[in-house]
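For reference, the structure discussed in these notes is given below.
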Amino acid sequence: MSTPYPPAGPPQGPPQGPPAHRGPVIDVSQTAPIPFSRLVKVELRKALDTSAGFWLLAAIAVLIIIVEGFVLVVGLFDSTTEFRLVDFTTLGGYVLQPLLPIVVALQVTSEWSQRTAMVTFATEPRRLVVVYAKLAAGALLALAMTLVLFVVALACLLVLWVFQDNVDWGTSVSGTLGLLVFLFVGVAVAFAAATLLLNTPATIAAFLAVVYAVPTVVATIGALWGDFRDFGRYLNLQGALYPVLSGSLDTGEEWGHFLVALLVWVVVPLALGLTRIVRAEVK
Amino acid sequence: MITVEGLTRTYGGFTAVDDVSFVCRPGRVTGFLGPNGAGKTTTMRVLVGLTPPTRGRATIGGHLYRDLPNPGRHVGVLLDASAQHGGRTGREILTLGATAMGLPMSRVDEMLHLVSLTPDEASRRLRHFSLGMKQRLGIAHALLGDPQVLILDEPANGLDPAGIRWMRGLLKGYADRGGTVLLSSHLLHEVEQIADEMILIGHGRIVAQGDKKTLLESQRATRTATTTVVSLDNARLAEALRARGLQVTPGPDALAVACEAVEVGRVAAEHQVVLVDLRSVESGLEDLFLELTSTTQREGHRPGPPGYRPQGPPQGPPQGPPQGPPAYRPQPGAPR
């Protein structure tokens, strides 16, 4: 018996599923994905378009002006001391370090507390891309606030120069970079905590713990228990950041402390947080 | 255009959606109807990729939602009108959507106009919106990208009767232009007014689906006709009807008789009883809905049916279980 040719395939019928299930297909070939820049723009807008977000940023700007203005007043009455840019920016930096991260963390956590994540992820289902856009927007906000910090500091220096002429115009590039790193690490810690916890109060508590409580505790234990001291330095973010802020990060050991602290407090929680967001059921 | 195949979603030991399959066609408004907690919202959330399914799949126009580039341009979604930042104005919420989708800002005004939100209302913050205004804003947001498919969860919730009528017109027009609409509700009369096709769901399982007429007819075939009658001498008429072997249930003013109206009329004519009112009882979708989902209602057994229907189960010839007759799709292992 000859083999029929072409070989008998499976019975002919509806190619896939019953006919009723093969509704018209939507042609998406003409639709471009949402570009990343547009997502960043939306996230920046979201940070500023609520009264809470706007006034938080405005309050930070006002605080910077108050703190640097205080240094200015001191300078106006103290003609013997030379004032440098860093005298203003460091103090302003200490204002920004606890507050800026909260602004950025809110970008993530408010999606959950206000339940806007449903709309956000229905508009752009690539959740990781959305989180990266938030990170980029947070970084831009941090940069903008740092710019405010420097502009106010420069303005104060100009006033001092005109009225007291007690200004040292020398600036240290490494010190300025150090300040930026110091601020951005704080932002990164809060952002990582936010993705992991997805809850505003818990994120703020975790951020304050990592940046302020843990260093104190670790240093205290290290003072009492010598064997722990060297190990503890790797967990002490504030201590690891100090050489960065002062622009004196040079020894391998300091680099080690800095990088390990970043790994423990930023990279690991962020990786876990991103996994959580991608897998989460958005309610 | 919406295809759901064998969709199941479990939470631990609880099955929220149990092997659900259905199709929503272009040009039709499909109503997704079921009591609270029946699995409507979970199904819709899986459709738009917010909840991962345990088994099965759901596609829109042949694509998984997450594979759609710029999905707002293809699928309009409204899952919860209140899930927006209370501190944003209505206009700002639409502006964010339009920006993300890459639409001209004129689209925001067009949509606000379409859903009849005045510029004054649109400039209020969402926390000052009434539920009806939130629903209108949510519908505006869903329509922003001029999508081919609309997925709306309880969109009529909070709308006043005029608002429901407005939405019916809007969705009808949208479907007539070839759009696909899936909307859910736990209120039958809302869906009845708006939907062409209906999917009834209870306890995570689909208990019936089809268009309104098919659903009613398949139900009628399985029950005995019921007639209510009011005459000048109900007692005598009841006696005469009983003598014919018909089951009669006396009500406060009327008799309910388990037969066609013509039969009652004939008996009345023979005995010269003056009829005041004679009508066959159309058991509406409401009864069908309650019956089909009765095993899944929180209340357990539904209360006796309103009107003059005979008490107890219909007296017709034995024809299988009263719930879930074969015409609706058999339910192996029906929920407790």
Side-chain angles (χ1 to χ4, degrees), chain A residues 16-56 106 110-130 133 278-283, chain B residues 1-3 5 9 11 21 23-26 42 45 48-52 59-80 82-89 92-93 95-97 99-102 125-126 138 141-142 144-145 147-149 151 178 180:
Chain A
Q16 272 126 30
H21 285 243
R22 298 179 61 239
V25 164
I26 297 180
D27 178 18
V28 295
S29 59
Q30 302 306 310
T31 314
I34 303 177
F36 188 69
S37 59
R38 219 155 71 200
L39 290 171
V40 175
K41 189 173 156 192
V42 168
E43 291 304 331
L44 274 176
R45 198 175 166 121
K46 281 193 201 167
L48 292 162
D49 69 0
T50 63
S51 32
F54 176 81
W55 287 110
L56 190 50
L106 271 175
S110 73
E111 293 272 0
W112 264 262
S113 62
Q114 300 282 339
R115 301 173 55 229
T116 46
M118 278 165 72
V119 174
T120 303
F121 291 140
T123 306
E124 176 51 274
R126 296 174 298 168
R127 298 187 189 176
L128 276 185
V129 178
V130 173
V278 167
R279 293 199 184 153
E281 185 178 13
V282 184
K283 293 230 171 187
Chain B
M1 257 195 195
I2 298 176
T3 309
E5 291 167 311
R9 169 72 206 198
Y11 294 93
S21 300
V23 172
C24 304
R25 289 179 191 80
T42 307
R45 294 163 44 78
V48 299
L50 294 177
T51 294
T59 55
I60 299 171
H63 309 273
L64 290 175
Y65 189 88
R66 65 160 186 266
D67 294 336
L68 292 170
N70 201 348
R73 302 295 286 268
H74 300 289
V75 186
V77 178
L78 171 59
L79 288 183
D80 185 345
S82 300
Q84 285 285 6
H85 199 297
R88 292 202 178 103
T89 64
E92 177 63 21
I93 287 169
T95 305
L96 286 173
T99 308
M101 294 177 208
R125 296 186 190 280
L126 191 90
H141 195 277
L144 261 180
Q148 297 103 307
V149 178
I151 296 174
T180 308

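Lettering follows sequence order; numbering is per chain, from 1.
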On a heavy-atom basis, which atom in [X] and which in [Y] lie closest, and how many Å separate them?
X	Y	value
B:R125	B:G86	CB-O, 3.6 Å
B:Y65	B:V48	CD2-O, 3.2 Å
B:P147	B:A142	CG-O, 3.4 Å

Which portion of [X] sits near chain A, non-hydrogen atoms under 4.5 angstrom:
X	result
B:T95	side chain
B:H63	side chain
B:V149	side chain

*Tell me, out of A:P33, A:A117, A:S113, A:A280, who's got the most heavy-atom pairs with chain B below 4.5 Å.*
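Heavy-atom pair counts peak at A:P33.
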_According to side-chain hydrogen bond (donor to acceptor under 3.5 Å, both in side chains), who are the partners of A:T123, at least two apart in sequence or on a separate chain?_
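Partners of A:T123 by the side-chain hydrogen bond (donor to acceptor under 3.5 Å, both in side chains) criterion come out as none, since no residue qualifies.
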_Non-neighbouring partners of B:D80 that pass side-chain hydrogen bond (donor to acceptor under 3.5 Å, both in side chains), sequence neighbours left out_ =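 Expected list: A:R115.
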Max heavy-atom pair count under 4.5 Å with chain A, selected residue of [options]:
options	result
B:R73, B:Q84, B:R66, B:R88	B:R88
B:G97, B:P71, B:G62	B:P71
B:A100, B:G49, B:G87	B:A100

*By side chain to side chain contact (heavy atoms under 4.5 Å, CB included), which residues pair with B:T51, not counting sequence neighbours?*
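If we apply the side chain to side chain contact (heavy atoms under 4.5 Å, CB included) test to B:T51, skipping adjacent residues, the hits are A:E281, B:R9, B:Y11, B:R45, B:V46.
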*With the side chain counted from C-beta on, respond yes when B:M101 and B:N70 share a heavy-atom pair under 4.5 Å apart, and no when they do not.*
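A side-chain contact exists here, since the closest heavy-atom pair is under 4.5 Å.
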_A side-chain contact here means heavy atoms from C-beta on lying under 4.5 Å apart; do B:L96 and A:V119 qualify?_
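A side-chain contact is absent here, since even the closest heavy-atom pair is not under 4.5 Å.
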*Is the closest side-chain donor-acceptor distance between A:K46 and A:T120 under 3.5 Å?*
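Short answer, yes.
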_Donor-acceptor side-chain pairing of A:E111 and A:T116 below 3.5 angstrom_ =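 Yes - a donor-acceptor pair under 3.5 Å links their side chains.
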_Close contacts, residues 38-45 of chain A versus chain B, judged by heavy atoms under 4.5 Å_ =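 The stretch touches chain B at A:R38, A:K41, A:V42, A:R45.
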*Using non-hydrogen atoms and a 4.5 Å limit, figure out which bit of A:A52 sits close to chain B: side chain, backbone, both or neither.*
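Answer is neither: A:A52 stays 4.5 Å or more from chain B.
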